[in-house]
**Student:** 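Got a structure for you, written out below as structure tokens; questions coming shortly.
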Amino acid sequence: MDVHVMIFIGFGFLMVFLKTHCWSSIGFNYLIGAWCLQCGVLFQGFWRKAIEHGFEHKINLDMLALIESEFCAGAVLITMGALLGKVSFPQMLLLATFESIFFTLNAVILFEVLYVADVGGAMTIHMFGAYFGLAATYFFEPKKALAHSEGKDGGNYNSQLIAMIGTVFLWMYWPSFNGVLAYGMAQQRACINTVFSISASALVSMYISRVFLGKFDMEVLLNSTLAGGVMMGAAADIITSPGACMVAGGIGGAVSAFGYLKLNKFFREKLSLHDTCGVHFLHGIPGVLGAITCVVAVLCAEINFENDVQTNALFLGLSKKGRTL
């Protein structure tokens with residue numbers, strides 16, 4: 001239910017910041033999220049059987065299937081953030097269906113064939129959704145979108161105030177998002193590490209805003225304060241030092257804030273990249289940095305964990321594929 005709140009309240013209200021597209025934003029989020037919940041269960045089960053288990057039995061419906069479908073919906077809604085204001089509902093519904101097919105295929109390959117460490121989806125959800133959306137923007141006439149969006153794709157006082165509801169809900173529930181697939185002490189680590197990381201990103205991102213603008217920027221407050229949650233997406237259950245989580249979250253917040261303040265305009269002018277909600281700077285780049293953080297955490301795992309039982313529980317590739325750390 002915590003993840004459910006993030007998908008339908010967190011993402012939904014965060015997208016209301018677009019002053020000329022408020023009703024469509026939250027309506028699209030609601031309906032596309034509901035559609036992807038169903039698609040996610042079906043496609044995830046199909047690919048799992050096609051790649052691993054065969055088709056002798058029916059698709060299992062349990063809590064894990066629902067959680068995985070929520071993650072599918074999250075990735076699609078991240079993609080929608082890049083297209084908001086440019087795409088009609090039938091177009092978005094068709095895109096969501098195709099993305100659900102490839103999102104679930106990618107997830108099954110990564111988790112059940114390659115056994116990657118990505119408990120909160122930094123790579124499988126945030127990176128996939130962000131870069132799928134950025135690729136899709138090039139097929140929605142970005143130059144025309146840039147020409148028509150001047151003065152229309154920002155927010156006003158009321159729309160940004162309402163969007164802050166989404167930010168607060170995402171900020172509060174992100175530890176659950178990162179920890180829901182872990183268990184035991186690993187789940188506690190995931191939640192605690194995410195709290196430290198996302199609190200650091202909130203503080204550092206607003207400090208960066210103050211340095212560059214001399215004031216707190218609302219776009220940075222709505223988005224970059226959440227970058228620490230994305231940073232912990234892959235390594236939340238592996239890191240054993242809260243200080244390391246705070247450093248990672250601070251780096252994520254700083255990079256994200258700099259992206260919103262400086263790079264977004266550069267990408268629009270030089271690359272004709274029209275990213276309505278700036279998903280590249282909240283999900284894309286922090287997702288890449290989160291993956292790098294996970295690589296470092298895995299390298300340190302042999303030092304941080306005392307025995308093979310702990311590492312085998314965290315890294316399924318050790319027991320199922322005979323790998324080494």
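No hydrogens, no waters, no symmetry mates; every other heavy atom, side chains included, goes into these values. Position 1 is the first residue of the sequence, and the numbers go up from there. What you are looking at is a predicted structure, and each value in this text was computed from that prediction instead of being measured.
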**Student:** Go through it in stages, so that I can follow the logic: the residues are Asn264 and Arg268, the test is side-chain contact (heavy atoms from CB on, under 4.5 Å), and I'd like the CA-CA distance, side-chain angles, deciding distance and then a yes or no.
**Tutor:** CA-CA 6 Å; Asn264 200 17; Arg268 289 190 176 196; 4.1 Å; yes

**Student:** So, does Lys49 use its side chain to make a donor-acceptor pair with the main chain of Lys58 at under 3.5 Å?
**Tutor:**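 It does hold such a pair.
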
**Student:** Quick one: does Tyr173's side chain have a donor or acceptor within less than 3.5 Å of a partner on Val3's backbone?
**Tutor:**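 Not confirmed, Tyr173 side chain does not pair with Val3 backbone.
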
**Student:** Phe8 vs Tyr30 aromatic rings, parallel, tilted or perpendicular, using cut-offs 30° and 60°?
**Tutor:**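 Aromatic pair Phe8/Tyr30 classed perpendicular.
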
**Student:** Could you label the plane-to-plane angle of the Phe128 and Phe103 rings as parallel, tilted or perpendicular, counting under 30° as parallel and over 60° as perpendicular?
**Tutor:**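 Ring orientation of Phe128 relative to Phe103: perpendicular.
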
**Student:** Where the side chain of Lys86 meets the backbone of His274, is there a donor-acceptor pair that is under 3.5 Å apart?
**Tutor:**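 Answer holds: yes.
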
**Student:** Would you say Leu161 and Phe13 are hydrophobically clustered, going by side-chain heavy atoms of ILVMFWY under 4.5 Å?
**Tutor:**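 Per the 4.5 Å side-chain linkage, Leu161 and Phe13 are not co-clustered.
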
**Student:** Is the backbone of Ser25 close enough, under 3.5 Å, to the side chain of Asn29 for a donor and an acceptor to pair up by distance?
**Tutor:**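 Checked: no pair found.
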
**Student:** With a 6.0 Å cut-off on ring centres, are Phe71 and Phe177 close enough?
**Tutor:**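 Yes, the ring of Phe71 comes within the 6.0 Å limit of the ring of Phe177, centre to centre.
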
**Student:** Quick one: does any side-chain atom of Ser197 pair with a main-chain N or O of Thr194 as donor and acceptor, under 3.5 Å?
**Tutor:**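 No; judged by distance alone, with no hydrogens or angles, the pair does not exist.
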
**Student:** Rounded to the nearest 0.5 Å, what separates atom CG in Leu37 from atom CD1 in Ile7?
**Tutor:**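 Reported to 0.5 Å precision, the distance equals 8.0 Å.
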
**Student:** Under a 3.5 Å threshold, yes or no: a donor from one side chain and an acceptor from the other, between Ser256 and Ser224?
**Tutor:**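 The criterion, which ignores hydrogens and geometry beyond distance, is satisfied for Ser224 and Ser256.
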
**Student:** Looking only at heavy atoms, what is the nearest atom pair of Ala136 and Leu95, with distance?
**Tutor:**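 Scanning both residues, the minimum pair turns out to be CB-CD2, 4.4 Å.
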
**Student:** If you look at every heavy atom in Ser201 and Ala227, which pair is closest and at what distance?
**Tutor:**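 That closest heavy-atom pairing would be OG-N, 3.9 Å.
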
**Student:** Please tell me whether Trp47 and Phe55 are part of a single hydrophobic cluster in this structure, the criterion being side-chain heavy atoms less than 4.5 Å apart.
**Tutor:**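 Result: yes, single cluster for both.
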
**Student:** Taking all heavy atoms of Ala190 and all of Gly179, pick out the closest pair and write down the distance.
**Tutor:**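 That closest heavy-atom pairing would be CB-CA, 3.8 Å.
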
**Student:** Would the His280 and Tyr131 ring centres measure less than 6.0 Å apart?
**Tutor:**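 They qualify: ring centres under 6.0 Å apart.
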
**Student:** In terms of hydrophobic clusters joined by side-chain contacts under 4.5 Å, are Ile238 and Met185 together?
**Tutor:**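 No, Ile238 does not connect to Met185 through the hydrophobic network.
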
**Student:** Specify the closest pair of heavy atoms between Ser205 and Gly253, including all atoms of both residues, with the distance to one decimal.
**Tutor:**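 For Ser205 versus Gly253, the nearest heavy atoms are CB-O, 3.5 Å.
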
**Student:** Before giving the answer on side-chain contact (heavy atoms from CB on, under 4.5 Å), spell out for Val288 and Met127 the whole-Å C-alpha distance, their side-chain angles and the decisive distance to 0.1 Å.
**Tutor:** CA-CA 7 Å; Val288 173; Met127 282 177 61; 3.9 Å; yes

**Student:** Knowing that exactly one of Ile67, Leu64, Asp2 qualifies, which makes a side chain to side chain contact (heavy atoms under 4.5 Å, CB included) with Val180?
**Tutor:**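 Between Val180 and the candidates, side chain to side chain contact (heavy atoms under 4.5 Å, CB included) is satisfied uniquely by Ile67.
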
**Student:** Just wondering, are more than 12 heavy atoms of other shown residues or ligands nearer than 6.0 Å to OH in Tyr157?
**Tutor:**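 Check fails, neighbour count at 12 or below.
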
**Student:** Will you find, in the side chains of Trp35 and Thr97, an N or O donor that is under 3.5 Å from an N or O acceptor?
**Tutor:**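 Side-chain D/A pair, Trp35 to Thr97: present.
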
**Student:** With distance as the sole test, does Gln160 use its side chain to make a donor-acceptor pair with the main-chain N or O of Phe17 at under 3.5 Å?
**Tutor:**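 It does not hold such a pair.
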
**Student:** CG of Asn178 to CD1 of Ile192: how many Å apart, nearest 0.5 Å?
**Tutor:**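 It comes to 13.0 Å.
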
**Student:** Are side-chain heavy atoms of Met15 and Met80 found at a separation under 4.5 Å?
**Tutor:**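 Yes, close enough: below the 4.5 Å cut-off.
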
**Student:** Exactly one of Thr276, Leu273, Val279, Asp275 should register a side chain to side chain contact (heavy atoms under 4.5 Å, CB included) with Thr137. Which one does?
**Tutor:**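 Output: one option passes, namely Leu273.
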
**Student:** Between CE of Met172 and CD1 of Ile9, what distance do you get to the nearest 0.5 Å?
**Tutor:**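 One finds 9.0 Å between CE of Met172 and CD1 of Ile9.
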
**Student:** In this structure, would Ile101 and Ile59 fall into the same cluster of hydrophobic residues linked by side-chain contacts under 4.5 Å?
**Tutor:**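 In one cluster: yes.
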
**Student:** Is the count of non-hydrogen atoms from other residues, nucleotides or ligands lying under 6.0 Å from Phe196 atom CZ greater than 12?
**Tutor:**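 Incorrect, the count does not exceed 12.
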
**Student:** Is there a donor in the side chain of Ser209 and an acceptor in the side chain of Asp217, or the other way round, less than 3.5 Å apart?
**Tutor:**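 No - no donor-acceptor pair under 3.5 Å links their side chains.
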
**Student:** Minimum heavy-atom separation for Trp174 and Leu226, please, with both atom names.
**Tutor:**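 So the two residues come closest at CZ3-CB, 4.0 Å.
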
**Student:** Are Thr167 and Leu221 close enough that some pair of their side-chain heavy atoms sits under 4.5 Å apart?
**Tutor:**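 They are not in contact (no side-chain heavy atoms under 4.5 Å apart), so the answer is no.
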
**Student:** SG of Cys277 to NE2 of His283: how many Å apart, nearest 0.5 Å?
**Tutor:**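 NE2 of His283 is found 8.5 Å from SG of Cys277.
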
**Student:** Between Thr79 and Gly129 (side chain of the first, backbone of the second, donor and acceptor by atom type, cut-off under 3.5 Å), is there such a pair?
**Tutor:**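 Indeed, once roles are kept as given, a pair shorter than 3.5 Å links the two residues.
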
**Student:** What's the separation between atom CG in Leu263 and atom CD1 in Ile285, rounded to the nearest 0.5 Å?
**Tutor:**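 Nearest 0.5 Å value for the CG-CD1 distance: 6.5 Å.
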
**Student:** Let me confirm one number: the CD1-CD1 distance from Ile109 to Ile51, rounded to the nearest 0.5 Å.
**Tutor:**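 Those atoms lie 5.0 Å apart.
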
**Student:** In the structure I gave you, are the side-chain heavy atoms of Val230 and Leu289 within less than 4.5 Å of one another anywhere?
**Tutor:**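 Not in contact.
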
**Student:** For the side chain of Asn193 and the backbone of Pro242, is there at least one donor-acceptor N/O pair under 3.5 Å apart?
**Tutor:**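 Looks like no, no N/O pair under 3.5 Å.
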
**Student:** Please step through side-chain contact (heavy atoms from CB on, under 4.5 Å) for the pair Val296 and Ile239, ending with a clear verdict.
**Tutor:** CA-CA 9 Å; Val296 176; Ile239 299 176; over 6 Å; no

**Student:** Report the C-alpha separation of Lys270 and Lys265 in whole Å, then their side-chain angles, then the decisive distance to 0.1 Å, and conclude whether the side-chain contact (heavy atoms from CB on, under 4.5 Å) test is met.
**Tutor:** CA-CA 8 Å; Lys270 303 300 182 182; Lys265 183 179 179 181; over 6 Å; no

**Student:** Can any side-chain N or O of Trp171 pair as donor or acceptor with the backbone N or O of Gly229 at less than 3.5 Å?
**Tutor:**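 Absent.
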
**Student:** Does some side-chain heavy atom of Gln44 sit less than 4.5 Å from a side-chain heavy atom of Ser69?
**Tutor:**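 Of all side-chain heavy-atom pairs linking Gln44 with Ser69, none is under 4.5 Å.
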
**Student:** Do Val220 and Thr225 have side-chain heavy atoms sitting under 4.5 Å apart?
**Tutor:**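 Result no, sub-4.5 Å side-chain heavy-atom pair not found.
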
**Student:** Are the side chains of Phe132 and Val76 in touch, meaning some heavy atoms are under 4.5 Å apart?
**Tutor:**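 No, every pair of side-chain atoms sits at 4.5 Å or beyond.
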
**Student:** With a 4.5 Å heavy-atom cut-off, do Ile78 and His126 have their side chains touching?
**Tutor:**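 Of all side-chain heavy-atom pairs linking His126 with Ile78, at least one is under 4.5 Å.
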
**Student:** Which label fits Phe267 and Phe281: parallel for a plane angle under 30°, tilted from 30 to 60°, or perpendicular past 60°?
**Tutor:**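 Rings of Phe267 and Phe281: parallel, under 30°.
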
**Student:** Is Val295 reachable from Ile125 through a run of hydrophobic residues whose side-chain heavy atoms are each under 4.5 Å from the next?
**Tutor:**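 As far as the 4.5 Å side-chain criterion goes, Val295 and Ile125 are not connected within one cluster.
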
**Student:** Is any side-chain heavy atom of Phe169 closer than 4.5 Å to one of Met6?
**Tutor:**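 Result no, sub-4.5 Å side-chain heavy-atom pair not found.
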
**Student:** Taking CZ in Phe98 as the centre, count heavy atoms belonging to other residues, nucleotides or ligands within less than 6.0 Å. Is the count above 12?
**Tutor:**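 No, because the 6.0 Å sphere around CZ of Phe98 holds 12 heavy atoms or fewer from other groups.
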
**Student:** Can the ring centres of Phe102 and Phe43 be said to be less than 6.0 Å apart?
**Tutor:**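 No - the distance between ring centres of Phe102 and Phe43 does not fall below the 6.0 Å cut-off.
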
**Student:** Which heavy atom of Val16 sits nearest to which heavy atom of Ser159, and what is that distance?
**Tutor:**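 Heavy atoms only, the tightest pair is O-CB, 3.5 Å.
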
**Student:** Donor-acceptor pair, distance only, cut-off 3.5 Å: does the side chain of Asn223 make one with the backbone of Leu282?
**Tutor:**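 Looks like no, no N/O pair under 3.5 Å.
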
